[in-house]
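Owing to the predicted nature of the structure, the values given are computational and were not obtained by experimental measurement. We count ligands from 1, going down the list as the structure has it; atoms in each ligand are counted the same way.
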Amino acid sequence: MLIFKKVTDLRRWIGNQTTPVGFAPTMGALHDGHLELVRMAKREGCLAVASIFVNPTQFNDPRDLEKYPRTVEKDTELLLSAHCDALFIPSVEEVYPPGENLRIELDFKHLDKVMEGKFRPGHFEGMATVVNRLLDIVRPHRLYMGQKDFQQLSVVRDMIHQLDLPVELVMCPTVRESDGLAMSSRNMRLTPEMRAAAPAIHQTLQWAKSALNNKRPIEDIQSEALSKLAANSLRPEYFEIVDGETLLNVGDHNESDFIVACTAAFAGEVRLIDNLVLK
Ligand code: AMP
């Protein structure tokens with residue numbers, strides 16, 4: 001695996017490749033969910049390029065940025081084990097050269113305003129900016145991203161469409177721990193007590209799926225889900241049942257053929273998100 005720190009070096013190497021490039025952008029502190037993006041790119045015949053960049057512009061809370069885990073040596077070993085071909089670890093100045101304004105200011109309509117958008121102002125603008133910048137650097141054929149960040153995928157899909165970018169977005173299913181907790185770099189910050197409480201997030205999503213199948217009114221499912229999370233020592237921010245395409249609330253199970261439940265909850269100091277396709 002080659003490791004690049006400079007945009008020019010990475011671009012030169014990619015320019016000499018004949019195999020299609022599959023790109024998996026990450027913020028590091030890697031786990032099996034990230035590695036699955038790399039493995040999927042390899043399975044689909046791509047040269048796998050991963051990046052590790054803790055993007056300051058997508059953190060609305062400076063303490064969250066400061067506390068974000070950084071484990072580059074271990075990450076490098078994990079990527080090697082997943083047969084990643086190249087790793088890009090740029091500095092902030094490489095990604096955002098001083099004096100250049102690379103900010104993406106697209107109108108995502110409500111896609112970046114609901115759910116995460118409501119609780120993390122500016123997050124999606126920062127995320128879209130860095131993904132667009134990284135796509136411009138790597139110019140991959142395929143972009144591999146996880147279903148774990150369902151709303152992020154919707155915003156990136158819309159950005160690719162609006163900017164007519166020549167890349168195929170591939171969604172990788174959420175990789176979970178054996179007790180159902182979605183893998184996340186933030187999980188390593190959970191206290192033992194909160195680690196024990198956190199699987200209630202996935203359990204509640206599964207409960208919502210069966211409640212929807214049993215035709216329970218959606219409003220009742222949402223409010224009962226919030227109570228279930230709170231009863232398990234979690235502090236939920238939202239539990240929304242939305243159309244998987246538009247991310248707008250669904251009033252009734254007949255209203256859409258693609259229904260997703262999305263939630264965010266604090267486990268102690270750690271904010272976790274997860275989602276499940278209900279229909
Ligand atoms: P992050 O490092 O959290 O910014 O995530 C980088 C990429 O990995 C994003 O496309 C995430 O959606 C994806 N990802 C994170 N956790 C998981 C998971 N548990 N399963 C699948 N993909 C994931």
So that I can tick it off, tell me whether Asp274 and Arg176 are bridged by a salt bridge, with the cut-off set at under 4.0 angstrom between side-chain N and carboxylate O. yes
Any N or O of Gly146 closer than 3.5 Å to N or O of ligand 1: yes
Among all protein heavy atoms, pick out the one at the shortest distance from atom 11 (C) of ligand 1; state its residue, atom name and that distance to 0.1 Å. Asp149 OD2, 3.1 Å
Examine Cys172 against ligand 1 and note whether any of their N/O atoms are separated by less than 3.5 Å. no
Show the atoms of ligand 1 that are less than 4.0 angstrom away from any heavy atom in Pro25. 6 (C), 7 (C)
Taking atom CG of Leu10 and atom CD of Glu94, what is their separation to the nearest 0.5 Å? 10.0 Å
Is the closest heavy-atom distance from His31 to ligand 1 below 4.0 Å? yes
Kindly say whether the aromatic ring centers of Phe53 and Phe88 come within a distance under 6.0 Å. no
Nearest to atom 20 (N) of ligand 1, what protein heavy atom do you find, and at what distance? Val175 N, 2.8 Å
Residue, atom and distance of the protein heavy atom nearest atom 3 (O) of ligand 1 read Tyr68 OH, 3.8 Å
Are any of the side-chain nitrogens in Asp64 or Arg186 under 4.0 Å away from the carboxylate oxygens of its partner? yes
Evaluate Arg43 against Glu36 for salt bridge (charged side-chain N to carboxylate O under 4.0 Å, His left out), listing each step before the verdict. CA-CA 10 Å; Arg43 277 200 300 273; Glu36 195 48 34; 2.8 Å; yes
Just how far is it from atom CG of Leu35 to atom CE of Met183, taken to the nearest 0.5 Å? 9.0 Å
Heavy-atom contacts with Pro173 under 4.0 Å: which atoms of ligand 1 show up? List them by number with element. 20 (N), 21 (C)
Does an N or O from His34, backbone or side chain, lie closer than 3.5 Å to an N or O of ligand 1? yes
Please say whether Gly28 places an N or O atom under 3.5 Å from an N or O atom belonging to ligand 1. no
Name the orientation class of the two ring planes belonging to Phe59 and Tyr68 (parallel below 30°, tilted from 30 to 60°, perpendicular beyond 60°). perpendicular
Does Gln147 reach ligand 1 with a nitrogen or oxygen that is under 3.5 Å from one of the ligand's nitrogen or oxygen atoms? no
Take every heavy atom of Phe53, measure it against each atom of ligand 1, and state whether any distance is under 4.0 Å. no
Does the pair Asp112/Arg120 count as a salt bridge with the N-to-O cut at 4.0 Å? no
Report, in ascending order of atom number, the atoms of ligand 1 lying under 4.0 Å from any heavy atom of Met183. 16 (N), 17 (C), 18 (C), 19 (N)
Keeping the roles fixed (side chain from Asn275, backbone from Ala261), state whether a donor-acceptor pair exists under 3.5 Å. no
CE (Met127) and CD (Gln152) are apart, to the nearest 0.5 Å, by 4.5 Å
Does even one non-hydrogen atom of Glu36 get within less than 4.0 Å of ligand 1? no
Under-4.0 Å heavy-atom contact with ligand 1, by part of Leu153 that carries it: neither
May I ask whether Ala24 places a heavy atom under 4.0 Å from ligand 1? no
Applying side-chain contact (heavy atoms from CB on, under 4.5 Å) between Ile52 and each of Thr26, Ile3, Thr76, Thr71, report the one that passes. Thr26
Contact check, Ala29 vs ligand 1, heavy-atom distance below 4.0 Å: no
Is there a polar contact between ligand 1 and Met27, counting only N or O atoms under 3.5 Å apart? yes
